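Single-structure report; data block below.
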Number of protein chains: 2
Amino acid sequence: MAGHVAVVNMPVVSPSAKRYHHGNLRAALIDAGVERAREGGPEAVVLREVSRLAGVSHNAAYRHFADRDALLQAVCDRCMSELARLMEAGIAEVDPDERSVQAARLRLRATGMAYVEFALSEPGWFRTAFAVPPGLGYLDGEEGVGAGGHGPLELLGEQLDGLLDAAALPAERRAGAELAAWSAVHGFAMLVLEGPLRSLPDEERDAALTRLLDTVERGL
Amino acid sequence: MAGHVAVVNMPVVSPSAKRYHHGNLRAALIDAGVERAREGGPEAVVLREVSRLAGVSHNAAYRHFADRDALLQAVCDRCMSELARLMEAGIAEVDPDERSVQAARLRLRATGMAYVEFALSEPGWFRTAFAVPPGLGYLDGEEGVGAGGHGPLELLGEQLDGLLDAAALPAERRAGAELAAWSAVHGFAMLVLEGPLRSLPDEERDAALTRLLDTVERGL
DNA sequence: CTAGCGATGTTGCTGCCATCAACTTATGTA
DNA sequence: TACATAAGTTGATGGCAGCAACATCGCTAG
């Protein structure tokens, strides 16, 4: 996503040529929104500023998005996808063919670590990913998915299934396990990022994360 | 806090008499801010609107607060205090003299339940409590405390100490237990309130909360 | 080949907000 | 009792979201 440039549906003309019709404005606006969100989070996704970045006048955006929230929604999706990709990458670091309890546990742990690492390394994107405008329900389907076509929740579920298969998770506890694990890492990220623990020293923060993941592993 | 009316430092004159000097504007502004936050969360704490509610012109607020963020900060504190009070109330429902493992566990559970109940019953206040403006670190000291003078983090810590005393928590796991437990309930509240799980049916939500608290209890 | 229509951008409003500066009124104190 | 100062007010500026009316372009039917 970093340095992302829309490649699909590129304008037929040279991008430098200043034309009345942009040719690919919708994608350009989302790109610009993602860029701003990276620095300043969801509140930095400002229609006028984003339009300026896209080299177009304010109001042009209204041809492609009903209002600011619609643009923000699209930007949120992209941020969520980025999170999914990072989680996929973390999971993939454990040999996919390995079926041991150990491997299943490592994968779950990697999932949680990737989640928090994303929050800490890209706070703007992380906050944006969860800043879906009120009223709009998360569709949980096609949007916000990683390269494998699965969203964060599905990725987490797959790791829990892996734990189940490896007999490291009692079957009667499988239900609802997603939400328990997810809540833990999400809350940690929020508290540390913009909550009361925002000024916790890095060292203590990392120790607390390890402690947290241990707790989840024991408790699930 | 509901229907809260500032009693300390009330103006010496009848409140209905329209005077040039309000007499107690600072408190009135905070009250109005809390009222708006209840409905619309932190973004509803708007200087002009709050001033209107206090029956004073915009800009009057600048005699009492450096800027909007300073007012918001004060409102956040009040919301956090309200959370602390609800947690205290939940904890107090278990006989304070009872020292059993059972009682200690119930108290921890009540703490978490109160936390989530506050988030669900007063979403505006909950979101505001954690919306301390960036740059301002949480002081974690005098602010945001309940009737007993303790903040949410301290209240949680006390319950964990209780678990320790009752030998329901190994001493080597006491460190960092606050953050683990807190993260879980906080993440749950966020995900359910404004996150991807915002449209989860009440029934499933309650079941998930039970499952979550079980997990924490086992894992700590 | 070309007229014109619809899609895409632009200019110029309105109304809301935060904040600054300059002015006014009340209060308490010397 | 005068006046310094705290507390409120009026009236700017500049930014943002969104509406309306106008301008330009590109494609397609005839």
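In what follows, every heavy atom counts, from backbone to side chain, and hydrogens, waters and symmetry copies are set aside. Given the structure is predicted, the values throughout are model-derived calculations rather than measurements. Lettering follows sequence order; numbering is per chain, from 1.
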Using a 3.5 Å cut-off and no angle test, enumerate the donor-acceptor pairs between side-chain atoms of residues 173-185 of chain B and protein atoms at least two apart in sequence or in another chain.
{"from": "B/R173", "atom 1": "NH1", "to": "B/L220", "atom 2": "O", "distance (Å)": "2.8"}
{"from": "B/R174", "atom 1": "NE", "to": "B/D161", "atom 2": "OD1", "distance (Å)": "2.9"}
{"from": "B/R174", "atom 1": "NH1", "to": "B/E178", "atom 2": "OE1", "distance (Å)": "3.0"}
{"from": "B/R174", "atom 1": "NH2", "to": "B/G157", "atom 2": "O", "distance (Å)": "3.1"}
{"from": "B/R174", "atom 1": "NH2", "to": "B/D161", "atom 2": "OD1", "distance (Å)": "3.1"}
{"from": "B/R174", "atom 1": "NH2", "to": "B/E178", "atom 2": "OE2", "distance (Å)": "3.1"}
{"from": "B/W182", "atom 1": "NE1", "to": "B/Y115", "atom 2": "OH", "distance (Å)": "2.9"}
{"from": "B/S183", "atom 1": "OG", "to": "B/L179", "atom 2": "O", "distance (Å)": "2.7"}

(request) Can you tell me the distance, in whole Å, between the OH atom of A/Y62 and the P atom of C/dT10? (result) 14 Å
(message) Distance check, rounded to the nearest 0.5 Å: B/E88 atom CD versus B/L83 atom CG?
(response) 10.0 Å
Listed pairs under 3.5 Å, donor-acceptor, residues 59-67 of chain B side chains, sequence neighbours left out:
{"from": "B/D67", "atom 1": "OD1", "to": "B/D69", "atom 2": "N", "distance (Å)": "3.2"}
{"from": "B/D67", "atom 1": "OD1", "to": "B/A70", "atom 2": "N", "distance (Å)": "3.0"}

(message) Measure CG/B/N24 against P/D/dA6 and give the value in whole Å, please.
(response) 18 Å
Please enumerate all protein N or O atoms sitting under 3.5 Å from an N or O of nucleotides 11-15 of chain D, with distances to 0.1 Å.
{"from": "D/dG11", "atom 1": "O6", "to": "B/N59", "atom 2": "ND2", "distance (Å)": "2.6"}

(message) Whole angstroms only, please: what is the CZ-C1' distance between A/F65 and D/dA17?
(response) 16 Å
(request) Starting at atom CG of A/L25, determine the distance to atom C1' of D/dC25, rounded to an integer number of angstrom. (result) 15 Å
(message) Check this for me: does any side-chain nitrogen of one of A/R38 and A/E35 sit under 4.0 Å from a carboxylate oxygen of the other?
(response) no
(request) Rounded off to whole Å, could you give me the CZ-to-P distance for the A/R68 and C/dC16 pair? (result) 19 Å
(request) Map B/R63 and A/R63 onto DNA chain C by nearest heavy atom, then report which one ends up closer to the 5' terminus. (result) A/R63
(request) Would you mind reading off the distance between B/E43 atom CD and C/dC16 atom P, rounded to a whole angstrom? (result) 19 Å
(request) With the side chain of A/A60 defined as its heavy atoms from C-beta on, choose the nearest nucleotide among C/dT19, D/dG8, C/dT10. (result) C/dT10
(request) Check the surroundings of atom CD in A/E43: do more than 12 heavy atoms from other residues, nucleotides or ligands lie under 6.0 Å from it? (result) yes
(message) Is it the case that the side chains of A/T215 and A/R211 hold a donor-acceptor pair, with the cut-off being a distance below 3.5 Å and no angle test?
(response) yes
(request) Calculate the interatomic distance between A/L53 atom CG and D/dC16 atom P; express it in whole Å. (result) 11 Å
(message) Nearest whole Å is fine: how far is D/dA17 P from A/D67 CG?
(response) 10 Å
